[in-house]
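These notes are about the structure you will find just below.
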Amino acid sequence: MAHDTNTQWNDWQWQLQNAVRSAEDLPAGLVDPVDFEAVEAAADRWPMVISPYYLSLFNGRSGRDPIRRMAVPSPEELHPTPHLSWDPIAEQSHCPVPGVIRRYPDRALLLVSGRCAVNCRHCTRRSLNRGSLRPLGPGELKAAYDYLRDHTEIGDVILSGGDPLLLEDDQLFEILTDLRSIPSVRIIRLATRVPVTLPMRITPALVAGLRPFHPIYVNTQFNHPAEITDASRRAAIALADGGMPLANQAVLLAGINDSAETIEMLSRGLLEMRVRPYYLFLCDLWQGLEHLRTPLSTGLAIVEHLRGRLSGLGIPQLIADLPGGIGKVPIGPQHIVSVENGVTTLRAPDGRLAGYPDPTPSIYIPRGCAPVRPRD
Ligand code: SF4
């Protein structure tokens, strides 16, 4: 990608204007000519968008490059698979008003943007391209705010899309100002992959502009240690210095990060830049993603490997987002071996067993704890 100056390279708008959007724009030799048509057909289903920055992370032309595998459409996306779906987590049936997804009682997602700096091939929000989900238009924000105002049980609002940090600063700050005028909205989260795919978007002006709206949390998605660069490290640290706790929601992807060593290296790198490894998602059951899915047992083996090697701070929770919009479930290795005569026998990660006794029945009285006074 030709760029005249560092200034251009570090300008996030330049990056978006110069994103790769067709197979023809990819560096020569990256796609085998026999695959060209299939790659374009896959990109018709879910458009290709790759920022020049993310393209610069590609490891030459290697077909085994995990970064390339996350960004370049694959002919394998065209294979129909009977147990996969065009609507795996039923988001469109959980939109009480356009642009608002609500699958849990206490939180809601606002789709404030329809764009991303890189269209991840494994994206869960591909309904945005199928027209069944769409981001909030300017005239629809008011209806979304009215919904949140009427549903005071929603205390946690996640700005999503697309990527909310592809909005201009003033658009984003206006949305945050409106959300902060709703007293029941206590926490705001930004779901963004920009620190990974477009780190130059994390400007000092953005970080300073977010400060008045705290508490703001940032959920991001580093999937591979090769995504941790000087630039992404600077972006994450700038957000952390700006007072935003960062959590990582990685997706477990075949041929990309499905080894214990890769996830361990990722977790260590994330902790060093103050990003907490939070979730490790099993890949959603979208049509076209069979080649990126792993058996559930792979995820369990990875988490089991991490336990005992990393502190709890560095171990993500393995999560499946259940089909039908039921919601997320944590999946853990089975550590309970038996419960007998008031003793639960537990298995440690290295296989050793130990008993944890219940309190003596004649002494233990379930008391419950005193209720706390609700907050104003
Ligand atoms: S950044 Fe998120 S919303 Fe955008 S393409 Fe990737 S996974 Fe999908």
Side-chain angles (χ1 to χ4, degrees), residues 12 15-16 19-21 42-55 57 66-74 77 86-89 91-92 95 99-101 103 109-136 158-167 172 189-202 217-224 226-227 232 235-236 239 246-254 256-257 266 275 278-289 292-293 316 319 321 328:
W12 64 279
Q15 289 277 337
L16 292 179
V20 168
R21 293 171 196 278
D44 271 350
R45 289 189 175 178
W46 177 233
M48 168 166 45
V49 179
I50 312 174
S51 65
Y53 165 79
Y54 201 71
L55 192 67
L57 306 186
I67 304 295
R68 166 199 167 140
R69 199 165 158 79
M70 280 187 271
V72 175
S74 159
E77 293 177 32
W86 290 109
D87 180 21
I89 53 172
E91 288 193 314
Q92 49 268 56
C95 289
V100 177
I101 300 177
R103 296 196 298 150
L109 235 70
L110 289 196
L111 304 181
V112 294
S113 156
R115 297 194 300 161
C116 293
V118 171
N119 273 2
C120 312
R121 300 321 297 172
H122 55 274
C123 177
T124 196
R125 199 61 44 69
R126 298 196 302 171
S127 313
L128 282 173
N129 189 47
R130 298 176 62 77
S132 43
L133 268 186
R134 57 189 173 78
L136 287 156
I158 300 139
L159 298 190
S160 185
D163 200 310
L165 293 190
L166 289 205
L167 296 177
L172 179 65
R189 289 192 268 172
L190 301 175
T192 175
R193 199 154 133 80
V194 145
V196 186
T197 56
L198 189 71
M200 49 289 286
R201 171 64 183 105
I202 310 301
Y217 289 72
V218 172
N219 286 350
T220 190
Q221 187 198 126
F222 285 85
N223 293 322
H224 192 275
E227 292 178 327
S232 63
L239 289 167
L246 281 92
N248 194 58
Q249 303 193 339
V251 185
L252 184 60
L253 296 163
I256 292 171
N257 59 7
L266 176 66
V275 181
Y278 177 47
Y279 284 163
L280 179 59
F281 277 110
L282 296 176
C283 189
D284 281 339
L285 299 173
W286 265 100
Q287 276 297 348
L289 297 189
L292 294 179
R293 298 200 314 113
I319 296 280
D321 210 339
K328 301 185 191 78

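The figures that follow rest on heavy atoms only: side chains count, while hydrogens, waters and symmetry mates do not. In each ligand, atom 1 is the first atom listed, and ligand 1 is the first ligand listed.
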Any Pro316 side-chain heavy atom under 4.5 Å of Tyr278 side chain: no
Near atom 6 (Fe) of ligand 1 (under 2.8 Å) - protein N, O or S atoms: Cys120 SG
Derivation and outcome, side-chain contact (heavy atoms from CB on, under 4.5 Å), residues Leu198 and Leu166: CA-CA 9 Å; Leu198 189 71; Leu166 289 205; 3.7 Å; yes
Test side chain to side chain contact (heavy atoms under 4.5 Å, CB included) applied to Pro73 - qualifying residues, sequence neighbours left out: Val39, Ala42, Ala43, Met48, Glu77, Arg121
Sequence neighbours excluded, every pair satisfying salt bridge (Lys or Arg N to Asp or Glu O under 4.0 Å) that has a member inside residues 192-202: Asp169-Arg201, Arg193-Glu227
Contacts of Val49 that satisfy side chain to side chain contact (heavy atoms under 4.5 Å, CB included) - sequence neighbours left out: Ala19, Arg21, Asn119
4.5 Å side-chain heavy-atom contact, Ser160 and Arg125: yes
